[in-house]
Amino acid sequence: MVTYILLRESRPYFSGKKDWIIKLLDARLTGIALLVSTIGLMIYALYSGNFDEFIKQWQTSRFLYLMSLDFALLYLVFPTLLGDDMARRGWHDSRIFWAVAIVPLLGPLVYLSIRPPLPETE
């Protein structure tokens, strides 16, 4: 996936009509639901989780190690996707770009909650 993101062509525009799945994924309510559920899961993890056991599993489990590495790599290539999405929406504010790009996990979720909708063309 990281290779695809790095080698793909930039598409800073959206043309066409939005179908129901794009409308659902583009909806501000979807971003808010993802943000609230993620914050709830993070609170649950901090309250009920065992950090010592996580470290032990991270050192011994290849799967958990690989998932952590994948998260870190996607965090590093995320700004390329963010720039394209902001351009598609006509949003050219570098302060918002860097605020979203620097904060892992919650930054993109806040962006999904506040971004303007995609312009629809016939």
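Each residue takes its place number in the sequence, starting with 1. Quick caveat: nothing in here was measured; it's all calculated off a predicted structure.
- Checked against side-chain contact (heavy atoms from CB on, under 4.5 Å), Asn50 has the following partners two or more places apart in sequence or in another chain: Asp52, Glu53.
- A salt bridge links Arg115 with Asp85: at least one charged nitrogen is closer than 4.0 Å to a carboxylate oxygen.
- Atom-to-atom distance recorded for Leu34:CG and Ser113:OG is 7.5 Å, nearest 0.5 angstrom.
- Hydrophobic clustering of Ile, Leu, Val, Met, Phe, Trp and Tyr side chains at less than 4.5 Å, counting indirect connections, keeps Phe78 apart from Leu73.
- To the nearest 0.5 Å, atoms CD1 (Ile96) and CD1 (Ile114) are separated by 5.5 Å.
- Taking Ile, Leu, Val, Met, Phe, Trp and Tyr as hydrophobic and joining them when side-chain heavy atoms fall under 4.5 Å apart, one finds Tyr65 in a cluster with Phe51, Phe54, Ile55, Trp58, Leu64.
- Side-chain contact check for Leu35 versus Thr38: every heavy-atom pair is 4.5 Å or farther apart.
- Rounded to the nearest 0.5 Å, atoms CE (Met86) and OG (Ser94) are 8.0 Å apart.
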Trace of the side chain to side chain contact (heavy atoms under 4.5 Å, CB included) decision for Tyr111 with Trp91: CA-CA 12 Å; Tyr111 174 74; Trp91 210 3; 3.5 Å; yes

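- Neither Leu29 nor Val110 shares a network with the other; the hydrophobic side chains, linked directly or stepwise wherever heavy atoms of I, L, V, M, F, W or Y lie under 4.5 Å apart, form separate groups for each.
- Pairs of residues two or more places apart, or lying in two chains, never qualify as salt bridge (charged side-chain N to carboxylate O under 4.0 Å, His left out) while including a residue from residues 32-47.
- Distance check, rounded to the nearest 0.5 Å: CZ of Arg8 to CG of Asp84 gives 4.5 Å.
- How far CG of Asp26 is from CZ of Arg28: 9.5 Å, rounded to the nearest 0.5 Å.
- In terms of the side-chain contact (heavy atoms from CB on, under 4.5 Å) criterion, residue partners of Leu74 (sequence neighbours excluded) are, by chain and number, Met1, Val2, Ile5, Asp70, Val77.
- By the side-chain contact (heavy atoms from CB on, under 4.5 Å) test, Ile22 is found to be paired with Phe14, Lys18, Asp19, Leu118, residues two or more places apart in sequence or in another chain being considered.
- Summarising the geometry of Arg88 relative to Arg11, their closest heavy-atom pair is NH1-O, 3.4 Å, with the distance given to 0.1 Å.
- No chain of hydrophobic side-chain contacts below 4.5 Å, direct or via other Ile, Leu, Val, Met, Phe, Trp or Tyr residues, connects Leu76 to Tyr4.
- Among all heavy-atom pairs drawn from Phe97 and Pro79, the shortest one is CE1-O, 3.5 Å.
- One hydrophobic cluster, built from ILVMFWY side chains closer than 4.5 Å, cannot hold both Leu112 and Ile32; they sit in different ones.
- The OG atom of Ser37 sits 11.5 Å away from the CE atom of Met42 when rounded to the nearest 0.5 Å.
- Grouped by direct or indirect side-chain proximity (heavy atoms under 4.5 Å, Ile/Leu/Val/Met/Phe/Trp/Tyr only), Phe63 sits with Met67.
- Hydrophobic clustering keeps Leu81 apart from Leu25 (ILVMFWY residues linked when any side-chain heavy atoms are closer than 4.5 Å, directly or through intermediates).
- In this structure, Arg89 and Pro119 approach most closely via the heavy-atom pair CA-CD, 4.4 Å.
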Val100 and Leu82: side chain to side chain contact (heavy atoms under 4.5 Å, CB included), yes or no, with the steps? CA-CA 8 Å; Val100 170; Leu82 178 62; 3.7 Å; yes

